[in-house]
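Protein chains get the first letters and strands the later ones, always in sequence-line order, with residue 1 at the start of each. Quick note: numbers below take in every heavy atom, side chains included, and nothing from hydrogens, waters or symmetry partners.
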Protein chains: 2
Amino acid sequence: MKPKITLKDIANELSVSISTVSKALKNSDEISKDTKDKIKAFAKFYNYRPNNIALSLKNKRTKNIGVIIPDIVHHFFTTVFRGIEKYANEKGYNVIVCISDESIEKEVINMEMLANGSIDGFILSLSAETQLKNEYTHLKELLDQGIPIVLFDRVTSEIECDKVVLNDNEIAREAVEHFISTGSKNIALVTTEKYFNVSESRRYGYLDALKAHNIKIEENLILTLPHDMENDSLITEFFQHNKVDAVLCVNEIFAIQCMSIIQELGFNVPNDISIIGFTDGILSRFSVPRLTTVAQHGELMGERAAKLLIDRMEWVDEVEEPFKTEVINATLIKRGSSIN
Amino acid sequence: MKPKITLKDIANELSVSISTVSKALKNSDEISKDTKDKIKAFAKFYNYRPNNIALSLKNKRTKNIGVIIPDIVHHFFTTVFRGIEKYANEKGYNVIVCISDESIEKEVINMEMLANGSIDGFILSLSAETQLKNEYTHLKELLDQGIPIVLFDRVTSEIECDKVVLNDNEIAREAVEHFISTGSKNIALVTTEKYFNVSESRRYGYLDALKAHNIKIEENLILTLPHDMENDSLITEFFQHNKVDAVLCVNEIFAIQCMSIIQELGFNVPNDISIIGFTDGILSRFSVPRLTTVAQHGELMGERAAKLLIDRMEWVDEVEEPFKTEVINATLIKRGSSIN
DNA sequence: TGTCAACACGAAAACGTTTTCGCAAATAAA
DNA sequence: TTTATTTGCGAAAACGTTTTCGTGTTGACA
C-alpha cells in the first residue's frame, strides 16, 4: 500500500517549498538545473501525478463532459456515445454518462447533479417525456449559468444551442422515392408518437415524397405504435387490413417486427412487400433477408457533437461564436428487403 | 447569464462569515434561527448548490466510479453498463466510462488518467490484449494505491479483488446436455481464441458434458474463430466438412452467423442442426427461428459489480472485508433454434 | 567598496468547501 | 455584583494545485 504522493510530500522530503516543486516539475527556468533534476528524479521515482480534482478546482474546468441519453441499449445511442467518447478522449476529456430512461425527472436530476462543478458541458438527446411535455427550463437554466450544451438527434427549436441532427426529412423522402421508383404504390409508414421531432420529420419526408409523385395520402397507411410496448397484434392487424406493397419504419425494431410478421402472414419480402428501416444495426445486418436501412452514422454524429462542445468550451476569442446546427447526411443502404 | 453562487457570495451579501453560511445551510444549531432563516432563504432564492469539486477535494472522495469496458457496441457490455449506472445512480454515484477498444494501452492510459483523483474506484472487464499478454501491473499498482477494483466477466486469477462472473462452465455444460438429451450426438463448439477466460470456461463445460455422457471428443468439431474478423468462409467450410447436429456458440454473433450459413447450406434449424448461443440480445430475440440462448443477465451483473465496489468504498468497519467473487447464474432460454 | 541585475527560491493567495477552536456577548446562577 | 454557562458567530486550517510577488544571495561592474 503506497498512497498517492503530493507536491507537499516531495517538498518535505527534499526540504524545498511547494512552489519550487511545482515550478521544477513544469520545467520553469526560475529553478536551477540541479534542483530541477533532483525534484524530477524524485517525482518520477515515486510516480507523482498531479491531482485532477485540485487542478479542476484551481482551473475552474474539469475536463469532463456530461452525456445524457435516453437509453443506452438502443444501437443508435450506443454508437453516438462511442463517437463522443472517442473524440473526447483524444482531446483529453472524460465522459460521464447518465441515462434518463426517457424520463424528464431523471434528466433534470442528473443534469443538476453534474452541473454543480462535475462537468464543463453537456451533450444530450432529449428524453421522450421531455419532448412530450415540451418542458425545457432545466436546459435554459444551465445555459444561463454559462454551461454549454449540445443537443443531438432529439432536439428542439425552443433551445438555442449547438445541435447535431440527421437530415431525417430528406432521407425519409429518399427512401420513399426508392420505393416509388421500384414500382410501389401503396406505401405505408410505421412510426412513433408525433412528439418525437425525428419521427415528425420522417413523417413529413414520407408525405412530401408521396405528394411530389402525386400519390394519394391515405391516413390509414400510417401506423403509429406506442413507445416501447408489445405491439405485434397491432402490426398484424395493420397488414391484414391494408393493401401495402412497401413500408418505411422509423426504427430498426419496428422494421424487424414488421418483416417477421409480414413473412408469417405469408408475404414475400421484398417481392410482395418491401421494407426499409432506420438505424443500421446488427439486426438489419443479420436478418433474412438483410434489411435495407437508413444508416444514421451515429459515431460521426457523436464526434461532431463532441467537437462542437469542446470547441465552444475552449473558445478564447473575444467574439462569441453563433450557435451552429450541423446536419449529418444519412445514407440509404440497399439490401435484400427492398427491390433494387 | 447568472453564474453559480458560492458560500462566499452569500456571506458577503449577508455580511456574515463563510463558516456561518456553511453551518446555517447544514442546519447547525450553533446558528440562531433568525440567521439560519435569512441565509436559507437567500440560498434558495439564488439556487445555491455546493460545488462538487470543492467537496471532492475536501472529502477526498469524488462519488465517481470509473468503468472500463472493451467495447460498448456489444449488447452484453451495454447491459452490464446499464446495471452499473442504475445502481450507482441510486447510491448517488456518477459513472465515468472509458472504452479500451480491446487494447491494453488504452486500458492503461484511461485508468491512470482517472486514477489521479477523478474516481473512487473502478469496475472493469479486461481487454482482449490484456488477457492475451497476461499483463496486469497497471491493476496491481492501482490496488496498491488503495483504489478498489471490481472485475467482471473477463477476469483473471492473477489479481486479488472483488469479481463478478458467470457460471460459464456449468451453463455451457447445461447447454450441451440439452443437446444430448434431445438426441444430438455430433456436437460442435464455435469459440474464440482461448486466452479469453470466458471462452475457456465454456470450452471446459462443453468438454465435461461430452465426457460425462461418454461422447468421444473430436477436436475438429471445435471451431476457433479469430476475434472480430470476417469469418463466413471459415464457418461455411466447417459445416460442409463436418457432420454436425448441434452447435454451441460462445456469443450471439457467432450463433446468428452460423444459423444463417447453416440455412443457406440447406439444413433445417433445429431439425438438422440445433443451435445455442450466448447473450440474449435483440439478435436472438428477432431471428427466425428465434435463438435458444444463454441469458447472461448483464444488468444484474452490473448491479452486483457496482454494489461490491460501493460497499467496499464505503466500508468503515475496523476489519477489512475479504475479497468476494460473485457468481451469476446464467439461464438457458429455450427457443426455436433447438429441439425442446 | 558600493550599486545593480540576475538568479534561485519561498510566502501567500486563490479555487470552494467543512470543521475545529476560540471568543465575545448574553444569560443564568450564586 | 460577581462568576459560570450558554449562545452565536468568526478565524483559520485543511484538501492539492498554480501563480504572482517578494526577497535574500551572488556576481559583475563602476
Side-chain angles (χ1 to χ4, degrees), chain A residues 3-40 42-43 46-64 113-120 145-147, chain B residues 3-40 42-43 46-64 113-120 145-147:
Chain A
K4 284 249 115 183
I5 192 178
T6 71
L7 287 185
K8 193 198 264 188
D9 298 331
I10 304 184
N12 286 340
E13 287 303 314
L14 266 44
S15 306
V16 292
S17 76
I18 296 181
S19 352
T20 303
V21 179
S22 174
K23 289 172 191 167
L25 293 176
K26 310 209 100 183
N27 218 7
S28 155
D29 43 27
E30 264 184 75
I31 309 295
S32 73
K33 185 162 184 319
D34 276 9
T35 318
K36 278 198 278 192
D37 287 348
K38 209 171 50 178
I39 293 177
K40 282 187 197 166
F42 190 93
Y46 283 100
N47 197 27
Y48 169 78
R49 294 276 179 279
N51 180 303
N52 288 334
I53 297 294
L55 285 179
S56 296
L57 187 58
K58 181 110 237 301
N59 302 332
K60 292 173 150 277
R61 60 190 327 234
T62 60
K63 286 243 163 193
N64 288 149
M113 177 102 238
L114 293 182
N116 297 316
S118 298
I119 52 91
D120 300 334
Q145 285 173 24
I147 299 180
Chain B
K4 284 247 114 182
I5 193 179
T6 71
L7 287 185
K8 192 198 264 190
D9 298 331
I10 304 184
N12 286 339
E13 286 303 312
L14 266 46
S15 308
V16 292
S17 76
I18 296 180
S19 354
T20 304
V21 179
S22 174
K23 289 171 191 166
L25 293 176
K26 312 209 98 178
N27 218 8
S28 156
D29 44 27
E30 263 184 75
I31 309 296
S32 73
K33 185 163 183 322
D34 277 9
T35 317
K36 278 198 279 193
D37 287 348
K38 209 171 48 178
I39 292 177
K40 283 189 197 164
F42 190 93
Y46 284 100
N47 198 28
Y48 168 77
R49 295 274 180 278
N51 180 304
N52 289 332
I53 298 292
L55 286 179
S56 297
L57 186 58
K58 181 109 235 304
N59 301 333
K60 292 173 151 277
R61 56 180 340 222
T62 60
K63 286 242 162 192
N64 288 339
M113 176 102 236
L114 293 181
N116 297 316
S118 297
I119 51 93
D120 300 335
Q145 284 173 26
I147 299 180

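Remark: A:Asp34 engages A:Ser32 in a side chain to side chain contact (heavy atoms under 4.5 Å, CB included) (not counting sequence neighbours). Checked against ring-ring contact (aromatic ring centres under 6.0 Å, His included), B:Phe42 has the following partners two or more places apart in sequence or in another chain: B:Tyr46. Applying the side chain to side chain contact (heavy atoms under 4.5 Å, CB included) rule to B:Leu55 yields the partners B:Pro50, B:Asn59; only residues at least two apart in sequence or on another chain are considered. With sequence neighbours excluded, the residues satisfying side chain to side chain contact (heavy atoms under 4.5 Å, CB included) with A:Thr62 are A:Ser56, A:Asn64, A:Asp120, B:Ile53. The side chain to side chain contact (heavy atoms under 4.5 Å, CB included) search around B:Ser22 returns B:Leu7, not counting sequence neighbours.
Residues in residues 14-33 of chain B take part in these salt bridge (charged side-chain N to carboxylate O under 4.0 Å, His left out) pairs, two or more places apart or across chains: B:Lys23-B:Glu30, B:Lys33-B:Asp37. Among pairs with a residue in residues 10-20 of chain A, those fulfilling side chain to side chain donor-acceptor pair (under 3.5 Å) read A:Ser17-A:Ser19, A:Ser17-A:Thr20, at least two apart in sequence or across chains.
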- Annotated protein contacts, base or backbone, on nucleotides 17-27 of chain C with a non-hydrogen cut-off under 4.0 Å, one of B, S, - each: BBBBB------
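The phosphate of C:dC9 (OP1 or OP2) has a side-chain N or O of A:Ser32 nearer than 4.0 angstrom.
If you find the closest nucleotide of DNA chain D to B:Ser15 and to B:Lys60, the one lying nearer the 5' end belongs to B:Ser15.
When rounded to the nearest whole Å, the span between CG of B:Asn27 and C1' of D:dC9 equals 16 Å. A straight line from NZ of A:Lys33 to P of C:dC9 spans 13 Å, rounded to a whole angstrom. In this structure, the CG atom of A:Asn52 is 15 Å from the C1' atom of D:dC15, given to the nearest Å. The distance from atom CG of B:Leu25 to atom C1' of C:dG16 is 13 Å, rounded to the nearest whole Å.
As judged by a 4.0 angstrom heavy-atom cut-off over every strand, A:Ser56 is placed among residues making no nucleic acid contact.
Two end axes, each from the C1' atoms of five base pairs, can be drawn for the helix from C:dT1-D:dA30 to C:dA30-D:dT1; they diverge by 80°, to 10 degrees.
Counting only heavy atoms from C-beta outward, the side chains of B:Val16 and B:Val21 approach each other to under 4.5 Å.
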